[in-house]
A.B. asks: 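Sending over a structure as structure tokens; questions will come in a sec.
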Amino acid sequence: QLQLVESGGGLVQPGGSLRLSCAASGDTLDQFMIGWFRQVPGKGREGVSCTMDMRNGGGTEYVDGVKGRFTVSRDNAQKTVYLQMDSLKPEDTAVYYCAADRRWFCDYGAAIEHGMEYWGKGTLVTVST
């Protein structure tokens, strides 16, 4: 049973950076598709990025609103995935979640509607002066 725990959230000024971590226990992440999602309180969850499992190359796709500012990486032991967030904007304020699924193929709508195999509990990012 995979468990995911996010960390690294906090308060940052506009233009600043944060690195979120998604630490796995119970299994390695190499066989999973990994998604980062975010949710503004009172609004719906939205996708941020989709990282392929290692069998499919391990590359990452980003939604347009974060492309060029956010970067996903994995550690070598496949136990942690990172979301590096640069040039942060107030509209990036949200609770950020990581999720893992062996049969997800970067359809954020499907992930939000039908769920992923595993979700973390989220970490709050606040971008404000």
Side-chain angles (χ1 to χ4, degrees):
Q1 184 81 1
L2 185 70
Q3 292 183 327
L4 302 173
V5 178
E6 302 93 337
S7 62
L11 174 64
V12 62
Q13 291 187 344
S17 298
L18 278 177
R19 189 177 78 159
L20 306 184
S21 299
C22 174
S25 61
D27 206 343
T28 59
L29 293 174
D30 55 336
Q31 64 186 305
F32 291 92
M33 303 286 286
I34 306 297
W36 282 96
F37 298 79
R38 63 187 181 185
Q39 185 168 17
V40 176
K43 295 189 177 180
R45 193 167 294 189
E46 62 179 15
V48 174
S49 66
C50 172
T51 299
M52 308 296 171
D53 56 26
M54 297 312 293
R55 184 181 63 176
N56 286 292
T60 300
E61 302 176 358
Y62 302 90
V63 299
D64 287 344
V66 307
K67 203 172 292 184
R69 300 188 297 121
F70 289 11
T71 305
V72 172
S73 61
R74 297 179 186 247
D75 75 352
N76 292 333
Q78 299 294 324
K79 284 283 194 176
T80 304
V81 175
Y82 302 98
L83 179 66
Q84 176 68 40
M85 305 186 297
D86 299 317
S87 302
L88 282 161
K89 306 174 181 180
E91 52 263 43
D92 294 317
T93 295
V95 178
Y96 283 72
Y97 301 88
C98 64
D101 194 300
R102 281 166 285 204
R103 291 178 295 277
W104 178 58
F105 293 100
C106 304
D107 183 334
Y108 298 111
I112 292 165
E113 180 176 357
H114 301 295
M116 301 274 279
E117 283 189 87
Y118 304 100
W119 289 92
K121 295 187 183 300
T123 184
L124 176 63
V125 172
T126 303
V127 185
S128 175
T129 56

A.B. asks: So that I know where these two stand, are Phe37 and Trp119 an aromatic pair - ring centroids less than 6.0 Å apart?
C.D. replies: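 Centroid separation for Phe37 and Trp119: below 6.0 Å.
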
A.B. asks: Is the closest side-chain heavy-atom distance between Thr71 and Tyr62 below 4.5 Å?
C.D. replies: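 Yes, at least one pair of side-chain atoms sits under 4.5 Å.
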
A.B. asks: Around atom NZ of Lys67, are there more than 12 heavy atoms from other residues, nucleotides or ligands closer than 6.0 Å?
C.D. replies: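 For Lys67, atom NZ is crowded (more than 12 foreign heavy atoms under 6.0 Å).
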
A.B. asks: Looking at Lys79 and Asp75, what are the two nearest heavy atoms and their distance?
C.D. replies: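 Smallest interatomic distance, heavy atoms only, reads N-OD1, 2.9 Å.
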
A.B. asks: Flag the pair Met85 / Ser17 as yes when at least one side-chain heavy-atom distance between them is below 4.5 Å, and no otherwise.
C.D. replies: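 Met85 vs Ser17: side chains apart.
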
A.B. asks: Determine, using the 4.5 Å side-chain heavy-atom cutoff (strictly less than), whether Val40 and Val12 are members of one ILVMFWY cluster.
C.D. replies: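 No, separate clusters.
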
A.B. asks: Rounded to the nearest 0.5 Å, how far does CG of Leu2 lie from OG1 of Thr28?
C.D. replies: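 Answer for the OG1-CG pair, Thr28 versus Leu2, is 8.5 Å.
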
A.B. asks: Does Tyr97 have Arg45 sitting over its ring (NZ/CZ under 6.0 Å from centre, angle to axis within 45°)?
C.D. replies: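 Judged by the rule (NZ or CZ under 6.0 Å from the ring centre, within 45° of its axis), Arg45 counts as positioned above Tyr97.
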
A.B. asks: Taking the side chain as every heavy atom from C-beta outward, state whether Leu20 and Val125 have any pair of such atoms under 4.5 Å apart.
C.D. replies: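 They are in side-chain contact.
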
A.B. asks: Check Arg102 with Glu117, please: is the shortest side-chain N to carboxylate O separation under 4.0 Å?
C.D. replies: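 Here Glu117 pairs with Arg102 in a salt bridge, since their nearest N and O are under 4.0 Å apart.
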
A.B. asks: What heavy-atom pair brings Ala100 and Leu4 nearest, and what distance separates the two atoms?
C.D. replies: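 Heavy atoms only, the tightest pair is N-CD1, 3.8 Å.
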
A.B. asks: I need the Met116 CE to Tyr108 OH distance, nearest 0.5 Å.
C.D. replies: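 Met116 atom CE to Tyr108 atom OH measures 9.5 Å (nearest 0.5 Å).
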
A.B. asks: I want to check something: taking the side chain as every heavy atom from C-beta on, are Val127 and Leu18 in contact at a cut-off of under 4.5 Å?
C.D. replies: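 Heavy-atom side-chain distance check fails, nothing below 4.5 Å.
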
A.B. asks: Rounded to the nearest 0.5 Å, what separates atom SG in Cys22 from atom CZ in Arg74?
C.D. replies: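 Here the interatomic distance stands at 10.0 Å.
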
A.B. asks: For residues Met33 and Cys50, determine if any side-chain heavy atom of one lies less than 4.5 Å from a side-chain heavy atom of the other.
C.D. replies: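 Yes, at least one pair of side-chain atoms sits under 4.5 Å.
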
A.B. asks: Nearest 0.5 Å, what's the CD-CZ distance between Gln31 and Arg55?
C.D. replies: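 So the CD of Gln31 and the CZ of Arg55 are separated by 9.5 Å.
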
A.B. asks: So, is the end of the Arg38 side chain (NZ or CZ) under 6.0 Å from the ring centre of Tyr96 and within 45° of the ring's axis?
C.D. replies: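 No, Arg38 and Tyr96 do not form such a contact.
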
A.B. asks: List the atom of Phe70, the atom of Val48, and the distance in Å for their closest heavy-atom pair.
C.D. replies: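 Looking at all heavy atoms of both residues, the shortest contact is CD2-CG1, 3.7 Å.
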
A.B. asks: What pair of heavy atoms forms the shortest contact from Thr80 to Ser21, and how long is it?
C.D. replies: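 Closest pair (atom of Thr80, atom of Ser21, distance): CG2-CB, 4.2 Å.
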
A.B. asks: Is the closest side-chain heavy-atom distance between Ser128 and Thr93 below 4.5 Å?
C.D. replies: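 Ser128 does not reach Thr93 side chain to side chain.
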
A.B. asks: I would like to know whether Leu124 and Thr126 meet side chain to side chain contact (heavy atoms under 4.5 Å, CB included); could you show each step before the answer?
C.D. replies: CA-CA 6 Å; Leu124 176 63; Thr126 303; 3.8 Å; yes

A.B. asks: Same cluster for Tyr82 and Val95 if Ile/Leu/Val/Met/Phe/Trp/Tyr side chains link at under 4.5 Å?
C.D. replies: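 They do not share one cluster, since no chain of ILVMFWY contacts under 4.5 Å joins Tyr82 to Val95.
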
A.B. asks: Atom CG in Asp101, atom SG in Cys106: separation rounded to 0.5 Å?
C.D. replies: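 Those atoms lie 11.0 Å apart.
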
A.B. asks: Are Asp92 and Arg69 close enough for a salt bridge, meaning some N to O gap below 4.0 Å?
C.D. replies: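 Yes, charged N to carboxylate O under 4.0 Å.
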
A.B. asks: Which heavy-atom pair separates Glu6 from Gly122 by the least distance, and what is that distance?
C.D. replies: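 Distance-wise, the nearest heavy atoms are OE1-N, 2.8 Å.
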
A.B. asks: Roughly how far, to the nearest 0.5 Å, is the CZ atom of Phe32 from the CE atom of Met54?
C.D. replies: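 Rounded to the nearest 0.5 Å, the CE-CZ separation comes to 14.0 Å.
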
A.B. asks: Kindly indicate whether the side chain of Thr51, heavy atoms from C-beta on, has any atom under 4.5 Å from the side chain of Trp36.
C.D. replies: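 No, too far: nothing below the 4.5 Å cut-off.
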
A.B. asks: Could you tell me if the side chain of Leu83 sits less than 4.5 Å from the side chain of Val81, heavy atoms only?
C.D. replies: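 Side chain of Val81 against side chain of Leu83, heavy atoms only: no contact under 4.5 Å found.
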
